[in-house]
Amino acid sequence: MENGAARPVIVAIDGPSGTGKSSTSKAVAAQLGLSYLDTGAQYRAITWWMVNNSIDLDDPTAVAAVAAKPEIVSGTDPAEPTITVDGTDVAAPIRTQEVTSKVSAVSAVPEVRARITELQRSLAASAEKGIVVEGRDIGTTVLPDADLKIFLTASPEARAARRSGELKGVDVHATREALIKRDAADSSRKTSPLAKADDAVEVDTTDLTLQQVIECVVTLVEEKRTAK
Ligand SMILES: Nc1ncnc2c1ncn2[C@@H]1O[C@H](COP(=O)(O)OP(=O)(O)O)[C@@H](O)[C@H]1O
Ligand SMILES: Nc1ccn([C@@H]2O[C@H](COP(=O)(O)OP(=O)(O)O)[C@@H](O)[C@H]2O)c(=O)n1
């Protein structure tokens, strides 16, 4: 490599809910000194704003009309990822059941996706050392030229158990049904659905520990860097 200076590396990590995208991406970015972007948090943030402003989420035209209004800012340090809407820290309120149940409807609106995709590309382009970006359409649509694309999967049972482990007192069966419903909505929308890119490496995490998944992805990034 010229002057020994590493070119920025772009890693796209996609997959359904509860497959380990956030935990894996954050740890890989921290270990390799890269930036980190949780694109789900951005869709949750715009959904939170729409709920707060009483926008009719059953009306895609109403959602599209205000898609450009909220200012969404993501902090990309993996040690302390942040998300604000019009200057307000929304890291906690974007994780409520209400936002979780409504985010798929908002994120299916093309004007919302265009707006958020532009933010994502600009953050990726300005990451000096590179970035790990996680979501649903990063490898297929947002960053189709990423150096490495990973598609994480896991059985619905494993994903539901992981999610209900996080939300104390929440029933595993209800969690499983809710995440299957959200995956179906995300996979069937017209604009950039949840999908594995043809050139993505699929990793089934059902029987792997989080540490094993992190090591697997770190090894794949290092292989790509050496080959660059
Ligand atoms: N391979 C794994 N084995 C067990 N638990 C895991 C694994 N990967 C992630 N988890 C846990 O599952 C939960 C969901 O992971 P998360 O990274 O938020 O998934 P996603 O971003 O894909 O929705 C977290 O509590 C996380 O610690
Ligand atoms: N790149 C992305 C990321 C998330 N999303 C939407 O945002 C929602 C929340 O994403 P998330 O990553 O926070 O979801 P979890 O898997 O963490 O529960 C998803 O269900 C999708 O509707 C999207 O459409 N495209």
Side-chain angles (χ1 to χ4, degrees), residues 12-29 36-48 50 57 63 72 74 78 81 83 90-91 94-110 112-121 123-124 132-143 146 149-168 170 172 175 178-195 197 203-217:
I13 303 194
D14 291 299
S17 179
T19 51
K21 297 181 302 296
S22 295
S23 9
T24 304
S25 302
K26 228 181 289 176
V28 168
Y36 159 71
L37 179 62
D38 175 356
T39 65
Q42 297 176 306
Y43 285 103
R44 286 171 178 275
I46 197 163
T47 303
W48 173 86
M50 301 243 173
L57 303 187
V63 171
I72 296 166
S74 304
I83 179 107
V90 292
I94 62 169
R95 305 285 161 196
T96 59
Q97 293 271 39
E98 183 178 24
V99 170
T100 302
S101 66
K102 293 181 169 161
V103 64
S104 292
V106 174
S107 69
V109 176
V112 168
R113 300 207 73 79
R115 167 92 201 291
I116 302 285
T117 298
E118 192 186 315
L119 281 178
Q120 293 161 354
R121 288 184 178 146
L123 285 167
V132 182
V133 183
E134 53 117 340
R136 303 291 189 288
D137 62 336
I138 311 306
T140 54
T141 306
V142 178
L143 301 167
K149 299 178 187 178
I150 306 282
F151 193 80
L152 296 183
T153 62
S155 70
E157 289 69 28
R159 300 192 286 121
R162 291 172 190 173
R163 276 270 174 259
S164 34
E166 282 175 336
L167 312 164
K168 298 283 169 264
V170 173
V172 186
T175 306
L179 62 83
I180 287 174
K181 194 172 154 206
R182 186 148 58 94
D183 291 345
D186 292 342
S187 305
S188 62
R189 68 175 172 234
K190 280 206 183 109
T191 312
S192 56
L194 160 65
V203 180
D204 183 345
T205 71
T206 308
D207 298 317
L208 299 178
T209 64
L210 175 57
Q211 200 49 43
Q212 286 173 319
V213 182
I214 294 165
E215 278 164 25
C216 166
V217 177

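Counting starts at 1 for both ligands and their atoms, in listed order. All values below come from the heavy atoms of this structure, side chains included, with hydrogens, waters and symmetry mates left out.
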* Asked: Does Ile138 reach the side chain of Ile13, with side-chain heavy atoms less than 4.5 Å apart?
  -> no
* To do: Walk me through it: do Thr47 and Val112 pass the test side chain to side chain contact (heavy atoms under 4.5 Å, CB included)?
  => CA-CA 10 Å; Thr47 303; Val112 168; over 6 Å; no
* Could you tell me whether Leu208 and ligand 1 have an N or O pair separated by under 3.5 Å? => yes
* Taking atom CD of Gln120 and atom CZ of Arg113, what is their separation to the nearest 0.5 Å? -> 7.5 Å
* Look at atom 10 (O) of ligand 2 and find which of Ala12, Pro193, Ala178, Gly40 reaches it with the closest heavy atom. => Gly40
* Structure fact -> The residue among Asp14, Asp204, Thr205 that forms side chain to side chain contact (heavy atoms under 4.5 Å, CB included) with Leu152 is Thr205
* Ser22 to ligand 2, any heavy atom closer than 4.0 Å -> no
* Asked: Can you tell which part of Leu152 has a heavy atom less than 4.0 Å from ligand 1: side chain, backbone, both or neither?
  -> neither
* Structure fact -> Heavy-atom proximity to atom 12 (O) of ligand 2, picking from Arg136, Arg159, Arg189, points to Arg136
* Structure fact -> min-distance protein heavy atom vs atom 22 (O) of ligand 2 -> Asp186 OD1, 2.7 Å
* Asked: What are the atoms of ligand 2, with element, lying closer than 4.0 Å to any heavy atom of Arg44?
  -> 9 (C), 11 (P), 13 (O), 14 (O), 15 (P), 18 (O)
* To do: Kindly indicate, with the supporting measurements, whether the criterion side chain to side chain contact (heavy atoms under 4.5 Å, CB included) is fulfilled by Lys181 and Ser104.
  => CA-CA 10 Å; Lys181 194 172 154 206; Ser104 292; over 6 Å; no
* To do: Show which atoms of ligand 2 fall inside a sub-4.0 Å distance from at least one heavy-atom site of Ser107.
  => 6 (C), 21 (C), 22 (O), 24 (O)
* **Straight-line distance of Gln42 CD to Ile46 CD1, nearest 0.5 Å** => 9.5 Å
* Structure fact -> ligand 1 to Ser23, heavy atom cutoff 4.0 Å, flagged ligand atoms 9 (C), 15 (O), 16 (P), 17 (O), 26 (C)
* For Ser17 and Arg182, what are the C-alpha separation, side-chain angles and deciding distance, and is it a side-chain hydrogen bond (donor to acceptor under 3.5 Å, both in side chains)? -> CA-CA 8 Å; Ser17 179; Arg182 186 148 58 94; 3.2 Å; yes
* Asked: What are the atoms of ligand 2, with element, lying closer than 4.0 Å to any heavy atom of Lys21?
  -> 16 (O)
* Asked: Do Arg159 and Thr206 have side-chain heavy atoms sitting under 4.5 Å apart?
  -> no
* To do: Return the residue, atom name and 0.1 Å-rounded distance of the protein heavy atom closest to atom 12 (O) of ligand 1.
  => Arg162 CB, 3.2 Å
* To do: May I ask whether Gln120 has any heavy atom positioned less than 4.0 angstrom from an atom of ligand 2?
  => no
* To do: Please determine if Lys21 has a nitrogen or oxygen closer than 3.5 Å to a nitrogen or oxygen of ligand 1.
  => yes
* Can you tell me the protein heavy atom closest to atom 3 (C) of ligand 2 and the distance? -> Thr39 OG1, 3.3 Å
* To do: Note the single closest protein heavy atom to atom 1 (N) of ligand 2, along with its residue, its atom name and the distance in Å.
  => Asp137 OD1, 2.8 Å
* Asked: Does Arg163 have a non-hydrogen atom less than 4.0 Å from ligand 1?
  -> yes
* Asked: Got Lys190 and Pro110 here, is their nearest side-chain heavy-atom distance under 4.5 Å?
  -> no
* Gly20: numbered ligand 1 atoms lying under 4.0 Å from its heavy atoms -> 8 (N), 9 (C), 15 (O), 16 (P), 17 (O), 19 (O), 20 (P), 22 (O)
* To do: May I ask you to identify the nearest protein heavy atom to atom 5 (N) of ligand 2, giving residue, atom name and distance to one decimal place in Å?
  => Tyr43 CD1, 3.6 Å
* To do: Kindly indicate whether the side chain of Val133, heavy atoms from C-beta on, has any atom under 4.5 Å from the side chain of Val142.
  => no
* **Ile94 and Val103, any side-chain heavy atoms less than 4.5 Å apart** => no
* Asked: So is Gln42 close enough to ligand 2, meaning a heavy atom under 4.0 angstrom away?
  -> no
* Residue part near ligand 1, for Thr19, under 4.0 Å between non-hydrogen atoms -> both
* So do the side chains of Pro16 and Asp186 get within less than 4.5 Å of each other, counting heavy atoms only? -> no
* Separation between CD of Glu134 and OG of Ser22, rounded to the nearest 0.5 Å -> 3.5 Å
* Subset of ligand 2 atoms that lie under 4.0 Å from at least one heavy atom of Arg113 -> 2 (C), 23 (C), 24 (O), 25 (N)
* To do: Enter the distance from Thr140:OG1 to Leu194:CG here, rounded to the nearest 0.5 Å.
  => 8.5 Å
* Euclidean distance, Arg136 CZ relative to Thr39 OG1, rounded to 0.5 Å -> 7.5 Å
* Protein contact of atom 25 (O) of ligand 1 - nearest heavy atom, named by residue and atom, plus distance -> Glu166 OE2, 2.9 Å
* Test item: Asp38 and Pro81 side chains (from C-beta on) under 4.5 Å apart, heavy atoms -> no
* Asked: What is the closest protein heavy atom to atom 17 (O) of ligand 2, and at what distance does it sit?
  -> Arg163 NH2, 3.0 Å
* Is the closest heavy atom of Pro16 to ligand 1 under 4.0 Å? -> yes
* To do: Find all atoms of ligand 2 within a distance of less than 4.0 Å from any non-hydrogen atom belonging to Gly135, and give their numbers and elements.
  => 1 (N), 3 (C)
* **Heavy atom of the protein closest to atom 18 (O) of ligand 2 (residue, atom name, distance)** => Arg182 NH2, 2.8 Å
* Asked: At a 4.0 Å cut-off, with the gap strictly under it, does some heavy atom of Gly18 reach an atom of ligand 1?
  -> yes
